[in-house]
Amino acid sequence: MQLDKFFDFLKDEKNLYSQWEQSNCFKPQKGGEPYSIMMPPPNVTGSLHMGHALTFTIQDILIRYHRMKGMEVLWQAGTDHAGIATQMVVERKLNESNLDRRSLGREKFIEKVWEWKKESGGQISNQLRRLGASTDWSRERFTMDEGLSNAVKKVFVNLFNDGIIYKDKRLVNWDPKLLTAISDLEVEQRDTEGSLWHIEYPIDEKNHIIIATTRPETMLGDTAVAVHPDDEKYKNLIGKFCNLPISNKKIPIIADEYADPEKGSGAVKITPAHDFNDFEVGKRHDLEFINIFDENAKLNSNVPEEFQNLDRFEARKLILKKLDEMNLLIKEEKQQMVIPYGDRSGVVIEPWLTDQWFCDAKKLSVDPILAVKDNSSKFIPKQWENTFYNWMENIQPWCISRQLWWGHQIPAWYGPDNKYFVSETLEEAQNQAKEFYGKDVELRQDEDVLDTWFSSALWTFSTLDWPNKTYELDKFYPGNVLVTGFDIIFFWVARMMMMGSYFMKETPFKDIYIHPLIRDEKGQKMSKSKGNIIDPLELLDKYGADTLRFTLTALLNPGRDVKLSEARVKGYKSFTNKIWNAGKFLQLNNSIFIDDISIDSIIFDANKWIIKELNDLNTQLDQLTKKYLFHEIANKIYHFVWHTYCDWYIEIIKQNFENEKFAYEIKKVSGWTFIQVLKIIHPIMPFISEKLWRSL
RNA sequence: GGGUGUUUAGCUCAGUUGGUAGAGCAUCUCGUUUACACCGAGAGGGUCGGGAGUUCAAGUCUCUCAACACCCACCA
């Protein structure tokens, strides 16, 4: 077929992809050694962004490369239900039509979410197709599919029975806007200019103690003042009582090493129900825990009436005003401090005393740490192992319950006296309850759902239909490599390793390739508010998938963020064009595009030379692929194709097409070598290579 | 407070075990009667962030300082 003047990528990409998909060539072809990658599931309602384009390009390169080597390859695709994010989107939509989820009720709301999922859920998969991602779509999974939901229940019940999941009343990070607990990882610490107020707590007519605080409003929940046991300044006050202003309560002055004589006034107010450190102090000294906030972080009925129902920041102002009037406000110091914000809601997080489900991550962390130490799982680049150890070795209990509606509802059922029964099904819970109470009782399921990352933690085996013993589970677990960005090492990578080690007795992937993030041309993070987002779909329309993929690959050097600008993509467009034109030229000169050639009988020097160069390149590429050095792969290919193959080889044979002695050999070797070039570029540039291969 | 990364040509970045500084883009010069101006040939351009050390030899190893970026921890 005569090649057109230009590669019509928009038309050909579409045709080629649907042909690939229809011919089932993305399904594992039985026979070879297994090679598998579990695709990090994007949010089901999401849209392809530049980070996706990068990570999925890398994965597709690896997948296509190993598929071409004849391995049995699985790229497991799917999407994540993304609890909070999705629920927020749907709630926002409801608000637009003046509805809210509470008036709708849980069941109706969840229906709405499923509707929304149905409406927008296919979008990201189709965008992945445009990128050329060769995943086996017939195996696509969603974290809330029946099978995966059953896996979630089974894991929960097993971990509960093993004492790793438990329910506890303790301080959690409470998001007063989303009205749910969130995990430590979902809290973002922001530097803020704040104040440290010095406040006088009277002891008797003459004496007082001055405490310093950044949160005066919480003094309504104070149950002690702490000083350091060795602090000479306050030694004689230990054991005495002071008067808590406004509340007018006697609270003890206690000795605790938490009080730092160097900070503030050296004496610190203790609010055990609203501060993580104070909570520990409260437990050590058996103090009273007074909860002064409701779920909206407004003051509740445990405070004097004039403060009730005030927002926490309003309360702060009023407290300060009152203290000032009482001449108890000594001074205000401005200082830099760090305030916790919810990463989704953007409001200040409140430590709040609630009942939540926790997972003992410490116990689960032991095996993954060992796996990395003995190299059964390797981070690439290696420096991430330190980050991993650092976090894993200091890991805190993981709060896994969320006060949301969209997600996996916790498989625990409560009897009339709040005794709970954990089991995979209601029937089983009823049996347990019957045994416990001696009669049938009505049970109600825990209303909370699990953290989104709980189900994603099971992704590597739940998608292979665990707990069923399937061919795929046996063949493809553990995966060869996990490809992801460093931003979800803790959220996701570490947790997959925990769950994988526990339930599969083996970490879920051998290599963990951590790629950098994509930034704009100035090195700034892309964000809506900065308006510097580069839309991959736009680039796909303008330059084609091959060019975008090659650009990303070429810019991808380890240890440095990718600075992307349209100019770079534009630059690599000419490379795509160069390949096309080389094909056109050889076609014009009647090269013979054969897939097989006998190398031994070749006599023309340039032919001998290019074959050797080609072999050398292949050897190098094999090694570089093992090391995940994608930028070097791209640059080697670029240099070979452009300068070695086109500038030298083609220029030489140009002069010899008429040479009787060599002409036939040149036609054969040039055709054959070009086919080899197409094979080399195919993992990175699947469309143009396939198009040329079919046309020539 | 703990940790990580980066600093090399105008720009974006390579530089494996220490052995004469590289690429792409940009700039300049010349060229194009058989692919491609999304082309070819060539040229200019760097005291490799500062300082010290090890060595016959340091962009590369050690120490130190600085700037920038990021991660973790801490609401007195």
Side-chain angles (χ1 to χ4, degrees), chain A residues 3 5-7 184-185 187 189-192 194-199 210-216 218-219 225-226 258-271 274-278 333 335-341 348-351 381 383-387 389-391 394 396 486-487 489-490 516-517 519 521-525 543 547 554-565 567-568 570-589 623-624 627 629 631-632 634-636 638-639 642-643 646-648 650-651 654-655 657-658:
Chain A
L3 290 176
K5 185 153 173 57
F6 290 105
F7 174 42
D184 298 346
L185 288 174
V187 178
Q189 308 287 348
R190 294 193 199 157
D191 276 317
T192 318
S195 293
L196 182 61
W197 287 278
H198 291 244
I199 300 168
I210 293 172
I211 58 92
T213 181
T214 55
R215 299 205 55 191
T218 62
M219 68 184 282
V225 168
Y258 165 63
D260 183 347
E262 305 297 318
K263 276 193 192 165
S265 62
V268 58
K269 67 195 250 337
I270 301 296
T271 321
H274 295 290
D275 180 282
F276 290 100
N277 289 308
D278 293 8
E333 282 175 311
Q335 66 167 34
Q336 278 304 115
M337 48 191 214
V338 184
I339 311 274
Y341 284 81
V348 177
I349 291 304
E350 201 59 57
Q383 84 234 12
W384 290 108
E385 291 183 0
N386 282 331
T387 309
Y389 290 138
N390 210 327
W391 190 69
N394 298 302
Q396 299 299 310
F486 65 81
D487 49 334
I489 291 181
F490 305 143
L517 302 186
R519 295 169 172 277
E521 57 195 306
K522 290 179 200 129
Q524 304 262 345
K525 247 186 197 163
Y543 302 100
T547 298
L555 297 181
L556 187 68
N557 40 329
R560 206 190 273 258
D561 286 339
V562 176
K563 281 188 212 165
L564 186 74
S565 67
R568 308 304 297 256
K570 209 172 173 178
Y572 282 109
K573 180 71 172 50
S574 40
F575 181 58
T576 316
N577 188 53
K578 188 80 183 172
I579 296 169
W580 184 258
N581 277 302
K584 227 168 62 185
F585 179 77
L586 294 178
Q587 186 184 51
L588 224 57
N589 286 285
Q623 284 164 3
L624 292 171
K627 295 185 198 158
L629 292 171
H631 68 297
E632 287 204 45
N635 290 327
K636 283 251 171 3
Y638 183 95
H639 188 266
W642 200 307
H643 301 297
C646 292
D647 291 347
W648 280 100
I650 290 186
E651 290 303 321
K654 226 183 234 181
Q655 315 303 321
F657 278 132
E658 306 301 324

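Below, read A as the first sequence line, B as the second, and so on, with proteins coming before strands; counting in each chain starts at 1.
Base-pair partner of U12(B): A23(B) (Watson-Crick or G-U wobble, both distances under 3.5 Å). Under the Watson-Crick or G-U wobble criterion, with both distances below 3.5 Å, A66(B) is paired with U7(B). G1(B) is paired with C72(B) under the Watson-Crick or G-U wobble criterion, all donor-acceptor distances under 3.5 Å. Nucleotide U29(B) forms a Watson-Crick or G-U wobble pair with A41(B), both donor-acceptor distances falling under 3.5 Å.
Within 4.0 Å of Tyr341(A), counting heavy atoms only, lies no atom of the nucleic acid at all. Looking at heavy-atom distances under 4.0 Å, Ile211(A) makes no contact with the nucleic acid at all. Counting any heavy atom pair closer than 4.0 Å across all strands shown, Phe490(A) reaches sugar-phosphate atoms only and no base atom. As judged by a 4.0 angstrom heavy-atom cut-off over every strand, Gln587(A) is placed among residues making no nucleic acid contact. Residue contacts shown for Asn277(A) are limited to sugar-phosphate atoms, with no base heavy atom under 4.0 Å away. Counting any heavy atom pair closer than 4.0 Å across all strands shown, His643(A) reaches sugar-phosphate atoms only and no base atom. Residue-level contact check: Ala259(A) touches the bases, meaning some heavy atom is under 4.0 Å from a base atom. Within 4.0 Å (heavy atoms only), Thr213(A) reaches sugar-phosphate atoms of the nucleic acid but no base atom. Nucleic acid contact class of Gln623(A) (heavy atoms, under 4.0 Å, all strands): none. At the heavy-atom level, Ile349(A) lies under 4.0 Å from base atoms of the strands shown. Within 4.0 Å of Asn386(A), counting heavy atoms only, lies no atom of the nucleic acid at all. Across all strands shown, Lys563(A) has heavy atoms under 4.0 Å from sugar-phosphate atoms exclusively, and none from any base.
The same atom, C1', is picked in C28(B) and in G44(B); the two are 7 Å apart, to the nearest Å. Taking the P atom of each, A69(B) and C30(B) are spaced 45 Å apart, rounded to whole Å. Taking the C1' atoms as reference points, A41(B) lies 41 Å from C56(B), given to the whole Å. Taking atom P in both A58(B) and A52(B), the straight-line distance is 13 Å, to the nearest Å. Nucleotides G3(B) and U16(B) are separated by 27 Å at their C1' atoms, to the nearest Å. Going from the P atom of G46(B) to that of G19(B) covers 23 Å, rounded to whole Å. Taking the P atom of each, U4(B) and G45(B) are spaced 40 Å apart, rounded to whole Å. For the C1' atom pair drawn from G42(B) and G53(B), the interatomic distance equals 43 Å after rounding to whole Å.
Donor-acceptor pairing under 3.5 Å, judged by distance alone, is absent between the side chain of Gln524(A) and the base of A69(B). A donor-acceptor contact under 3.5 angstrom links the side-chain atoms of Lys578(A) to the base of C36(B).
Of the N and O atoms on the side chains of Asn581(A) and Lys578(A), not one donor lies less than 3.5 Å from an acceptor on the other residue.
With contacts defined as side-chain heavy-atom distances shorter than 4.5 Å, the pair Trp642(A)/Asp647(A) qualifies. Contact of the Thr387(A) side chain with the Glu385(A) side chain is not registered, since no non-hydrogen atoms from C-beta on lie closer than 4.5 Å.
Leu555(A) CG to His631(A) NE2: the interatomic distance, rounded to the nearest 0.5 Å, is 10.5 Å. Lys269(A) contributes atom NZ, which lies 6.0 Å from atom CD1 of Ile211(A) (distance to the nearest 0.5 angstrom).
Distance from the side chain of Tyr638(A) is smallest to C25(B) among C25(B), G15(B), G40(B). Listed candidates were U12(B), A35(B), C74(B). Nearest to the side chain of Val338(A) is C74(B). Comparing A69(B), A35(B), C36(B) by their closest approach to the side chain of Asn577(A) singles out C36(B). For Asn589(A), the listed nucleotide lying nearest its side chain is U34(B); candidates were C38(B), U34(B), G5(B). Taking every side-chain heavy atom of Glu632(A) into account, G15(B) is the closest of A35(B), U12(B), G15(B).
Side-chain N/O atoms of Arg560(A) include none lying less than 4.0 angstrom from OP1 or OP2 on U12(B). Contact annotation: His639(A) does not reach the phosphate of G24(B) (side-chain N/O to OP1 or OP2, under 4.0 Å). Using a 4.0 Å cut-off, no side-chain N or O of Trp642(A) falls inside it from OP1 or OP2 of C38(B).
The number of heavy-atom neighbours closer than 6.0 Å to CD of Glu658(A), taken from other residues, nucleotides and ligands shown, is 12 or below.
Between Tyr638(A) and His643(A), the angle of the ring planes goes over 60°, which puts this pair in the perpendicular group of the 30/60° scheme. Using cut-offs of 30° and 60° for the angle between ring planes, the Phe585(A) and Phe657(A) rings count as tilted.
Across the interface with RNA chain B, nearest-nucleotide mapping of Phe6(A) and Asp184(A) shows Phe6(A) to be the residue nearer the 5′ end.
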